[in-house]
Amino acid sequence: MKVATFNIRRDCDGGTIQAFENRKPLIREKILAEKADLIGFQEVLPHMAQWLEEALTGYCVLSCGRGAEFDDEAVTIAFRRDRFHLLSYRTFWLSPTEDIPGSRYAEQSEFARVCSVATLQSRETGKCIALFNTHLDHVSESARRKGIRKILDAIEKCPYPAILTGDLNTFPGSAVAELIARSGLDLTDVTAHVGTTFHNYGDAAEKLDYICVSREWTCTSVCKWEDCRDGVYLSDHYPVCAELELAENGTKDE
């Protein structure tokens with residue numbers, strides 16, 4: 001299956017060439033052409049989630065805002081309806097009180113941070129998997145470490161093969177990356193050698209975007225979606241797409 005992580009850039013560039021309105025046609029065309037089975041989006045405002053639901057024919061779009069009123073940005077999950085049944089979906093806050101909307105760690109930025117989880121069953125094989133999607137804090141390293149620990153705890157408790165997508169706002173070799181690598185969960189960053197993902201429309205060169213998989217998965221290829229048409233990019237991040245295969249006996253306990 002094809003799994004993508006896509007920081008879609010919140011709609012805040014009005015009046016510029018990179019305005020969301022200008023990027024919409026390219027985004028829609030690319031996703032429908034690539035036919036990714038699962039997509040973890042970041043920075044999705046409510047009206048953007050509505051547009052994704054309308055534009056992505058054949059996809060189910062799941063979105064829950066990070067704010068106290070379920071507003072503001074979401075880490076939206078999209079999956080192909082012809083490939084999966086939805087078994088469950090939840091969003092938890094990266095905070096000491098994960099079930100309280102809008103909650104946050106004291107040391108992080110003013111923005112709440114969340115992880116959304118979709119448990120899906122393959123229509124073809126009947127096997128179940130779980131996609132965890134997140135966007136860690138952009139200010140506090142301590143909040144990022146606490147946030148990823150909370151996500152890793154949730155992955156450890158998950159009974160199904162897991163995939164973690166997200167903008168982790170951290171570089172390879174950082175404390176957060178080391179926590180993932182040394183978690184004891186055998187999570188592999190299949191995007192480790194993909195290079196730059198955050199480009200800021202050509203003004204930066206950093207890797208912030210990750211796809212990490214549990215031991216039941218084999219990655220056969222990874223690529224970045226670097227499309228740019230008439231100076232308009234998909235986003236200020238390159239979406240990253242991995243082709244994954246689940247072991248034939250692919251259950252977490254096996």
Side-chain angles (χ1 to χ4, degrees), residues 2-94 99-104 109-120 130-136 138 163 165-167 198 201 209 225 227-229 232-241:
K2 293 175 74 171
V3 179
T5 186
F6 189 168
N7 183 322
I8 201 169
R9 173 67 172 174
R10 63 181 288 147
D11 187 5
C12 60
D13 298 312
T16 75
I17 190 173
Q18 306 300 344
F20 181 59
E21 195 65 29
N22 295 335
R23 294 187 286 115
K24 281 180 178 180
L26 190 59
I27 291 169
R28 181 182 185 276
E29 179 182 310
K30 183 64 175 178
I31 292 174
L32 295 182
E34 290 288 341
K35 296 182 179 177
D37 300 294
L38 301 171
I39 308 171
F41 292 98
Q42 300 87 40
E43 295 196 16
V44 182
L45 293 170
H47 71 280
M48 298 171 72
Q50 182 176 345
W51 176 79
L52 287 171
E53 189 170 9
E54 295 167 354
L56 300 186
T57 306
Y59 283 84
C60 177
V61 176
L62 308 170
S63 202
C64 175
R66 66 191 180 185
E69 302 296 328
F70 308 110
D71 51 356
D72 201 15
E73 293 179 13
V75 287
T76 300
I77 292 172
F79 67 88
R80 282 176 50 186
R81 294 179 183 272
D82 63 340
R83 292 295 309 272
F84 300 103
H85 294 290
L86 176 65
L87 299 182
S88 68
Y89 169 73
R90 70 180 286 248
T91 295
F92 60 91
W93 275 257
L94 305 183
D99 293 322
I100 297 180
S103 59
R104 43 189 281 282
S109 69
E110 68 271 29
F111 302 116
R113 298 289 178 173
V114 295
C115 179
S116 289
V117 190
T119 304
L120 305 165
L131 177 67
F132 293 75
N133 184 36
T134 196
H135 189 183
L136 298 184
H138 67 299
I163 303 167
T165 57
D167 175 355
F198 173 65
Y201 306 122
D209 303 270
W225 296 348
D227 304 57
C228 181
R229 180 187 297 157
V232 178
Y233 288 86
L234 292 163
S235 176
D236 59 345
H237 290 238
Y238 294 127
V240 185
C241 185

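Here the rule is side-chain hydrogen bond (donor to acceptor under 3.5 Å, both in side chains) with Q42, and of N7, N133, T134 only N133 fits it.
A tilted orientation is assigned to the rings of Y233 and Y238, their planes being inclined by 30° to 60°. In this structure, F20 and W51 have perpendicular ring planes: the angle between them is above 60°, well past the 30° mark. Note: W225 and F6 have perpendicular aromatic rings, judged against thresholds of 30 and 60 degrees for the angle between ring planes.
With no hydrogens or angles considered, a side-chain donor-acceptor pair links T119 and S88 at under 3.5 Å.
Within a 6.0 Å sphere centred on CD of E54, other residues, nucleotides and ligands contribute more than 12 heavy atoms.
R113 places a side-chain heavy atom less than 4.5 Å from the side chain of H138. The shortest side-chain heavy-atom distance between C115 and V75 does not fall under the 4.5 Å cut-off. By the 4.5 Å heavy-atom criterion applied to side chains, V232 and Q18 are counted as neighbours. Looking only at side-chain heavy atoms (C-beta outward), D72 and R10 come within less than 4.5 Å of each other.
With rounding to the nearest 0.5 angstrom, the CG atom of L52 is 5.0 Å from the CZ atom of F41.
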**Asked** Going through the distances and angles, do R23 and D227 end up as a salt bridge (charged side-chain N to carboxylate O under 4.0 Å, His left out)?
**Response** CA-CA 11 Å; R23 294 187 286 115; D227 304 57; over 6 Å; no
